[in-house]
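Working notes, beginning with the structure itself.
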Amino acid sequence: MRLFKRVTIIGVGLIGGSLGLALRRKNLAEEILGVCRHRSSLVWAKKLGAITKGYSDIKDAVRDSDLIILATPVNEIIEIIPRIYPFIKKGAIVTDVGSTKVEIVKQGERVFSKDIYFVGAHPLTGSEKRGIKEAKENIFRNNFCIITSTPHTNKMALEKVCSLWKLLGAKIKVMTPSVHDCLMAKISHLPHAVAVALILSIEDKNIPLGAGGLRDTTRIASSSPYLWRDIFFTNQKLVLKTIEKFNRVLNDFSSALYLRDKSALFNLLKRAQKKRALLKG
């Protein structure tokens with residue numbers, strides 16, 4: 001059963017394109033419109049079957065849509081929300097896929113009226129690669145998608161967004177924007193900061209000799225600097241807090257090594273081994 005007649009995806013890159021492919025595969029929308037500044041991306045999106053029609057003009061693309069999905073970098077999502085507001089029909093749902101939620105949801109709830117419903121979302125999937133050519137219809141399957149809820153969230157819209165992600169195969173978690181950002185600082189933003197610091201601490205001439213361990217632990221450092229700059233700054237305080245905690249653990253490691261305390265070092269390694277077992281894959 002189709003959930004929506006017309007869906008507009010603003011930003012047809014990896015996530016936006018994958019959403020379009022999944023929506024069409026599941027037959028959840030009659031029309032899927034794509035918006036992108038780059039005509040070549042729209043051509044590819046249509047060729048792959050991610051969208052039924054492409055637009056460079058955001059106003060025309062959102063005008064009669066039942067669902068609008070903002071799939072651009074975080075700062076662009078915040079900037080786009082007031083731009084599209086005058087052209088959205090009453091009863092429409094606006095959602096996003098941004099990696100931070102407090103500032104985005106605050107903007108959505110500030111701008112949209114009681115007749116337009118904003119629900120924040122964040123699928124915990126993706127890749128260090130980007131662009132429509134990397135889009136895959138099954139990347140959401142069996143991965144978590146966090147949906148945010150506040151006292152201002154419309155229950156009908158929340159249920160519909162949750163239903164959408166469930167039908168796309170995602171496992172749903174509902175939480176407040178602040179809880180989301182605190183969680184992401186620990187399990188997503190800190191690992192990215194550590195990957196960046198790790199690769200920058202190694203001399204260029206030695207990097208080509210790195211094997212699987214170095215490749216695995218620094219893979220995400222290949223991600224878009226523009227995308228991640230926005231993510232870090234929109235979650236600045238919480239990321240700094242997690243870096244401070246990381247530094248304390250690293251200092252414990254350094255201290256055990258410096259003092260040649262085999263017991264302390266073994267305990268750190270053993271604790272890490274047990275904690276890593278909690279992470280699947």
Side-chain angles (χ1 to χ4, degrees), residues 7-11 13-16 18-19 62 67-85 88 92-126 140 143-166 168 170-193 220 223-224 226-245:
V7 173
T8 297
I9 302 172
I10 301 177
L14 170 65
I15 299 298
S18 296
L19 268 169
V62 303
L67 176 69
I68 296 142
I69 303 171
L70 308 178
T72 62
V74 172
N75 277 4
E76 287 186 31
I77 291 172
I78 294 168
E79 185 266 329
I80 285 169
I81 286 171
R83 281 177 54 204
I84 63 175
Y85 169 65
I88 301 174
I93 297 171
V94 181
T95 188
D96 76 299
V97 296
S99 299
T100 60
K101 293 266 76 79
V102 169
E103 292 192 23
I104 289 173
V105 173
K106 188 184 298 181
Q107 176 79 318
E109 292 184 343
R110 183 185 69 81
V111 170
F112 295 123
S113 67
K114 292 181 180 179
D115 296 322
I116 298 171
Y117 313 116
F118 185 83
V119 181
H122 178 203
L124 305 189
T125 186
F140 309 112
N143 285 312
F144 284 104
C145 181
I146 296 175
I147 313 293
T148 61
S149 177
T150 78
H152 305 290
T153 304
N154 178 273
K155 289 185 179 180
M156 175 278 295
L158 178 65
E159 288 173 5
K160 206 158 187 181
V161 171
C162 286
S163 295
L164 169 67
W165 284 104
K166 285 177 183 176
L168 295 180
K171 297 178 283 187
I172 304 302
K173 292 283 186 181
V174 179
M175 61 185 68
T176 66
S178 58
V179 169
H180 168 276
D181 284 7
C182 185
L183 175 64
M184 288 303 106
K186 296 172 183 176
I187 68 170
S188 175
H189 307 162
L190 175 65
H192 197 97
I220 52 178
S223 301
S224 166
Y226 300 102
L227 182 73
W228 275 92
R229 178 190 60 190
D230 290 354
I231 291 170
F232 283 130
F233 276 121
T234 52
N235 204 20
Q236 180 191 32
K237 290 181 181 178
L238 290 170
V239 173
L240 286 172
K241 193 173 180 180
T242 61
I243 290 174
E244 287 172 7
K245 184 175 181 180

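Every heavy atom of this structure was used, including side-chain atoms; hydrogens, water molecules and symmetry mates were not.
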Would you compute the distance between atom [atom1] of [X] and atom [atom2] of [Y] and round it to the nearest 0.5 angstrom?
X	Y	atom1	atom2	value
Thr95	Ile9	OG1	CD1	11.5 Å
Leu238	Leu190	CG	CG	12.0 Å
Ile88	Ile81	CD1	CD1	9.0 Å
His192	Ile231	NE2	CD1	7.5 Å
Leu67	Thr8	CG	OG1	8.0 Å
Ser178	Leu183	OG	CG	11.5 Å

Taking C-beta and beyond as the side chain, do [X] and [Y] meet within less than 4.5 Å on heavy atoms?
X	Y	result
Lys106	Ile78	no
Leu19	Leu168	yes
Pro177	Thr150	yes
Leu70	Ile84	yes

Grab the two heavy atoms, one from [X] and one from [Y], that are nearest each other, plus how far apart they are.
X	Y	result
Val97	His122	O-CD2, 3.8 Å
Tyr117	Ala157	CB-CB, 3.5 Å
Cys145	Ala121	SG-CB, 4.4 Å
Leu158	Ser149	CD2-OG, 3.9 Å
Val74	Ser99	CG2-N, 4.0 Å
Pro191	Lys186	CD-O, 3.5 Å

I'd like to check the salt bridge (charged side-chain N to carboxylate O under 4.0 Å, His left out) partners of [X]; sequence neighbours left out, ordered by chain and number.
X	value
Glu76	Arg37
Glu159	none
Arg110	none
Asp96	Lys101

Partners meeting side chain to side chain donor-acceptor pair (under 3.5 Å) with Asp230 (sequence neighbours left out):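 Only Asn75 meet the side chain to side chain donor-acceptor pair (under 3.5 Å) criterion with Asp230.
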Heavy atoms from other residues, nucleotides or ligands near NZ of Lys171 exceed 12 (cutoff 6.0 Å):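 More than 12 within 6.0 Å, yes.
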Enclosure of Lys160 NZ (heavy-atom neighbours >12, cutoff 6.0 Å): yes
Trp165: ring-ring contact (aromatic ring centres under 6.0 Å, His included) partners, not counting sequence neighbours: Phe140
Asp181 backbone acceptor or donor facing Asn235 side chain under 3.5 Å: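 Yes; judged by distance alone, with no hydrogens or angles, the pair exists.
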Given Thr234, Thr100, Thr72, the one that forms side-chain contact (heavy atoms from CB on, under 4.5 Å) with Ile77: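 For Ile77, the side-chain contact (heavy atoms from CB on, under 4.5 Å) test succeeds with only one of Thr234, Thr100, Thr72, which is Thr72.
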Step-by-step side chain to side chain contact (heavy atoms under 4.5 Å, CB included) determination, Phe118 to Gln107: CA-CA 10 Å; Phe118 185 83; Gln107 176 79 318; over 6 Å; no
Check against side chain to side chain contact (heavy atoms under 4.5 Å, CB included), Asn154 and Lys114: CA-CA 9 Å; Asn154 178 273; Lys114 292 181 180 179; over 6 Å; no
Check against side chain to side chain contact (heavy atoms under 4.5 Å, CB included), Ile68 and Val94: CA-CA 5 Å; Ile68 296 142; Val94 181; 4.3 Å; yes
Worked check of side chain to side chain contact (heavy atoms under 4.5 Å, CB included) between Thr148 and Thr153: CA-CA 9 Å; Thr148 61; Thr153 304; over 6 Å; no
Parallel, tilted or perpendicular: rings of Trp228 and His189 (30°, 60°):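 Correct class here is perpendicular.
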